[in-house]
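Encoded as structure tokens, the structure appears first; notes follow it.
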Amino acid sequence: MKKGDHLFLVDGSAYIFRAYHALPPLTRKSDGLPIGAVSGFCNMLWKLLQEARDTSVGVTPTHFAVIFDHSSTTFRNEIYPEYKANRDAPPEDLRPQFAIIREATRAFDVPCIEKEGYEADDIIASYAREAVAAGGDVTIISSDKDLMQLINDNVIMYDTMKDKRVASAEVIEKFGVGPEKMIDLQSLAGDSTDNIPGVPGIGPKTAAQLLEEFGDLETLLERAGEIKQNKRRENLIEFADQARLSKRLVTLDVNTPLDVPVEDLALNSVDGPKLIAFLKGLELNTLTRRVAAETEADAAAIDASEISADGYEQRGPDFDAPAESASTEGGSTPSGLVEKVTAAMAAMPVDTSAYETVRDEAALQSWIDAAHEAGVVAVDTETDSLDAMQAQLVGVSLAVAPGKACYIPLGHMSGEGDMFGGGLVADQIDRNRALEMLKPLLEDASVLKIAQNMKYDWLLLSRPENGGIHIAPFDDTMLLSYVLDAGRTKHGMDALSEAILGHTPISYKDVAGTGKSAVSFAQVEIDKATAYAAEDADITLRLWKILKARLTAEGMNTVYERLERPLVPVICRMEARGISVDRQILSRLSGELAQKAAAIESEIYELAGRKFNVGSPKQLGEILFDEMNLPGGKKTKTGQWATGAQQLEDLAAEGHDLPRKIVDWRQLSKLKSTYTDALPGFINPQTKRVHTSYAMASTSTGRLSSSDPNLQNIPVRTEEGRKIRTAFVAEPGFKLVSADYSQIELRVLAHVADIPQLKQAFADGIDIHAMTASEMFNVPVEGMDPMIRRQAKAINFGIIYGISAFGLANNLGIGRSEAGDYIKMYFERFPGIRDYMDSTKKFAKEHGFVETIFGRKAHYEEIRSSNPQVRAFNERAAINAPIQGSAADIIRRAMVQMEGALGEAKLNAEMLLQVHDELIFEVPEAEVDETITLVTKIMENATMPVMQLSVPLQVDARAADNWDEAH
DNA sequence: TAGAAAACGTA
DNA sequence: GTACGTTTTCTAG
């Protein structure tokens, strides 16, 4: 910012209310979403950005920001609790617009600024001061008299609705005093809308007159005795302090800490396609056309963004309570609808004998027609394996209405042993023909497909041999349940059916058997299969009706639509790609590990004095503590000797050789059995690659989990273990690129708990653990003792995990009371952390759940338990969940955006793996540099445009031939 | 033979 | 101290 620059500061919150009342109500055509204020806002913003020079302001902005009120309570409430206390809650149809307006701001690529504990006015005041100090000029877009105190030679105000410029002269004209006296004037006159008391009997006119005579407020109050009018004199004397209090309330804080420096408000040129997508989502056609014309973009070729008014957006910062409809009658409100639908489903018993078996094309066609007619269809595939990459399709079931479902057998086989082949059972539609018929339905944009765990069916049917079907659009009952009830219930279909419909579906075991007598689904008799499979589709449809209604009633649409549903195809493609694993490397490692383990094993027998099963903790415990009588033995909760690594380390530290050997042996045998021996078995015979499976709904926090095999726990900490990573390789001509977030959870903590020192440290890019140690122990960062830093690091991690003195003591190998002292010291240095932890616990106790920054909920109902252990555990989990979960949300967003960004940049990188804070890509060698740049950018900006963290995200990325070197 | 317990790999 | 999944051993049935 320099001389000649011009900063526009839009008072966003004030504008919202003004536009709402001043403009005719407007709703989005397709669904009645109220957008009157949003529309006015967008038009205003566009006009300012395009034509400011042609208005009475007469200049073009070089810097620009929209400022919002963050919360209803600010420092003013601390000095005067009644401040703004007489404000009504915003009207029902305005509330959803607050969040959309923030989104709009970002769609315009304009910084969207707000700060906890401060009003928009204070932030505006502070930016204005900074801009002027830097030599620039400022225009405040507002007509609020509270801001007029800021006007001077370099700062003016502008009222867009009246196209009126307000400078010093206009203030004098209106109030009789110049802007420099506005504070005193307001302190005397008070303000009923903000509940500023002022002095009774004195309004703006009298105040101006008095200020004219006495100069300023303080002088006036001191010389109040000179005033002739009795009542006025008495009031000024009696209410002098009230006037002074009012002055503190109306005086804007020009020293608000600014998270975004003024230089960063430099105006970018509008990103036409991004803005057009947003405006199309709102169905603001006129403005869309204007923007398209101006930016020379082809509006028709741009897809509308999804803009909904619920989820985290609806619980935006402008109000405290979630959107909860009061009325429940007649299903006309979201929660009323839930009750109505639930009742309807309960009233309709499940009859598994009523399902149809579809045996010819004509019958199939009529079901497809019925699905088109209904516009929704629940789909479930039956196969012979849980691995969607390997499974053979056996049949498909459809449900078009509750109770109206069918099963289409396609691959049922006759014959018991299946070794020699009983062939296909008669009267089944040809598999490929059926897929050919189903494909248009499953890809039809006008028919919503519903599945329980869509990822499985999507991946299965997307395989080329299954027709390469890309199911869309779809809903997933498992993900719906996950968004609504994470931490509260399981999300498997049987559990959902029990809990929500009160119906126990036929269990898989009943049709396919269990254990040794289990058969593949292909062997199941078709009648039995029909009852089982069609019931699954039927139940899925019924669950969907209820869960989908709840989604809206509970304001969770956005979490589902942004963080869950769009991730399904992304993860499917990642799973389908798999990663190349070098069999030779693993088998060589297996051999080495076997040798080393065997050598250690014989030493162990030597030391123990006899042979035993080294892998048996029970036998080991007996050897160590019963036979060798080593000291310090502890018992596990089942009364066995505890022989965990920590125990053994302790014994080793006392000079015993056997425990050390056991630890070494265990490490080797773990690596061998879990990794080098097991991984080759996961190499898919067709693709020659390893395809993990990600569970999207298995954690309480929003993280993914990986299994079959778990590729999220491939060793990295030890030299020996890292060798396993060298077996994960890129194809010839390609590199593996690993990009990981640096300290994402601590950054999230700094943001959500709003800790100035942490935020500063991250902004400055300094070593966060060293900074913590420096703050706590008063030592300089330079030349710090690594042990001190290590302790601070343990505490930082402890905080994320909901610290306890017990846990920290364990981790650092220090006493409980010493650990307690550390924690105390930490809280003294970072009181905001304690506040955050306390308020999180309180919130969780009150609501039974906590939330991430993107509105994902994690339920902890047992936090109210009377059992102190259970309660404490839930408290720690509740403290951890918003941090871990917000980080999980962030990387989910990055993943959702990634493929599109790569495609747009014409890059051929493929995303293969996710390990919580890391993404692994396979990249053509020639594109490595460009890909790293793009991937880093997408990940670092993953919260945008919905949210700007108050801390930068940092991503480190590198490329190599294998995962070990890339990491 | 299914499931719990103990151990240990990751973020 | 948080969140997971896999392996092996061991036990209950």
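Proteins come first, then strands; the chains are lettered A, B, ... in the order of their sequence lines, and each starts at number 1.
Considering only the side chain of A/Y801, B/dA11 comes nearest among C/dC4, B/dA11, B/dA2. With C/dT9, C/dT2, C/dC4 as the choices, the nucleotide that has an atom nearest any side-chain atom of A/A877 turns out to be C/dT2. Comparing B/dG9, C/dA3, C/dG1 by their closest approach to the side chain of A/N710 singles out B/dG9. Each of B/dA11, C/dT2, B/dA6 was ranked by its minimum atom distance to the side chain of A/H967; first place goes to B/dA11. For A/N880, whose side chain is taken as the heavy atoms from C-beta onward, the closest listed nucleotide among C/dT2, B/dA7, B/dA2 is C/dT2. Side-chain atoms of A/V915 lie closest to B/dA11 of the nucleotides C/dA3, B/dT1, B/dA11. Considering only the side chain of A/S673, C/dT8 comes nearest among C/dT8, B/dA5, C/dA3. For A/K618, the listed nucleotide lying nearest its side chain is C/dT11; candidates were C/dT7, C/dT11, C/dA3.
Nearest-nucleotide positions on DNA chain C place A/R703 closer to the 5' end than the other of A/R703 and A/D708.
Checking each of A/Y836, A/Y860, A/F849 against A/F843 for a ring pair (Phe, Tyr, Trp, His ring centres under 6.0 Å) leaves exactly one that passes, namely A/F849. Just one of A/S587, A/S590, A/S669 meets the side-chain hydrogen bond (donor to acceptor under 3.5 Å, both in side chains) condition when paired with A/D677; it is A/S590.
The residue A/A642 sits close only to the backbone: its heavy atoms come under 4.0 Å of sugar-phosphate atoms, none of a base. Among the protein residues, A/A878 comes within range of no part of the nucleic acid, since none of its heavy atoms lies under 4.0 Å from any strand. Residue A/N613 is in sugar-phosphate contact alone, with no base atom involved, counting any heavy-atom pair closer than 4.0 Å across all strands shown. When heavy atoms are screened at a 4.0 angstrom cut-off, A/F797 is found touching no nucleic acid atom at all. The residue A/T643 sits close only to the backbone: its heavy atoms come under 4.0 Å of sugar-phosphate atoms, none of a base. If you check every strand for non-hydrogen atoms under 4.0 Å, A/A645 touches sugar and phosphate atoms only. Within 4.0 Å of A/G798, counting heavy atoms only, lies at least one base atom of the nucleic acid. Looking at heavy-atom distances under 4.0 Å, A/S804 makes contact with a base. Note on A/E745: nothing from the nucleic acid sits closer than 4.0 angstrom, heavy atoms only. Counting any heavy atom pair closer than 4.0 Å across all strands shown, A/A678 reaches sugar-phosphate atoms only and no base atom. Among the protein residues, A/Q667 comes within range of the sugar-phosphate backbone only, with heavy atoms under 4.0 Å from sugar or phosphate atoms but none that close to a base.
Remark: A/F806 CZ is loosely packed, at most 12 non-hydrogen atoms of other residues, nucleotides or ligands lying under 6.0 Å away. Counting non-hydrogen atoms of neighbouring residues, nucleotides and ligands closer than 6.0 angstrom, the CD atom of A/Q954 exceeds 12 such neighbours.
The aromatic rings of A/Y508 and A/F521 lie parallel to each other, their planes meeting at an angle below 30°, with 60° marking the opposite boundary.
Note: CD (A/Q712) to C1' (B/dT10) measures 8 Å, nearest angstrom. In this structure, CD1 of A/I803 is placed 12 Å from C1' of C/dT2, rounded to the nearest angstrom. The CE atom of A/M939 sits 14 Å away from the P atom of B/dA11 (whole-angstrom rounding). In this structure, A/E622 atom CD and B/dA6 atom C1' are separated by 14 Å, rounded to whole Å. With rounding to whole Å, A/I920 atom CD1 is found 12 Å from B/dA11 atom C1'. To the nearest angstrom, P of C/dC4 lies 14 Å from CD of A/Q914.
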Salt bridge (Lys or Arg N to Asp or Glu O under 4.0 Å) between A/E601 and A/K661, intermediate numbers included: CA-CA 8 Å; A/E601 207 167 306; A/K661 297 285 172 201; over 6 Å; no
Derivation of the ring pair (Phe, Tyr, Trp, His ring centres under 6.0 Å) call for A/F830 and A/Y826: CA-CA 6 Å; A/F830 306 96; A/Y826 186 96; 4.7 Å; yes
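The base of B/dC8 sits with one of its N or O atoms less than 3.5 Å from a complementary donor or acceptor on the side chain of A/K670.
Residues of residues 713-725 of chain A that place a heavy atom closer than 4.0 Å to DNA chain B, in numerical order, are A/N713, A/I714, A/P715, A/V716, A/R717.
One finds no side-chain N or O of A/T699 lying less than 4.0 angstrom from the OP1 or OP2 phosphate oxygen of C/dA3. Close to C/dC4, at under 4.0 Å from its OP1 or OP2, lies no side-chain N or O of A/T701. OP1 and OP2 of B/dT10 both lie 4.0 Å or more from every side-chain N or O belonging to A/S706. The shortest distance between the side-chain N/O atoms of A/S698 and the OP1/OP2 oxygens of C/dC4 is not below 4.0 Å. Close to B/dC8, at under 4.0 Å from its OP1 or OP2, lies no side-chain N or O of A/S669.
Counting heavy atoms from C-beta on, the side chains of A/R892 and A/E564 come closer than 4.5 Å. Taking the side chain as every heavy atom from C-beta outward, A/I853 and A/V752 approach each other to under 4.5 Å.
Side-chain rings of A/Y822 and A/F827 stay apart, their centers remaining 6.0 Å or farther from each other.
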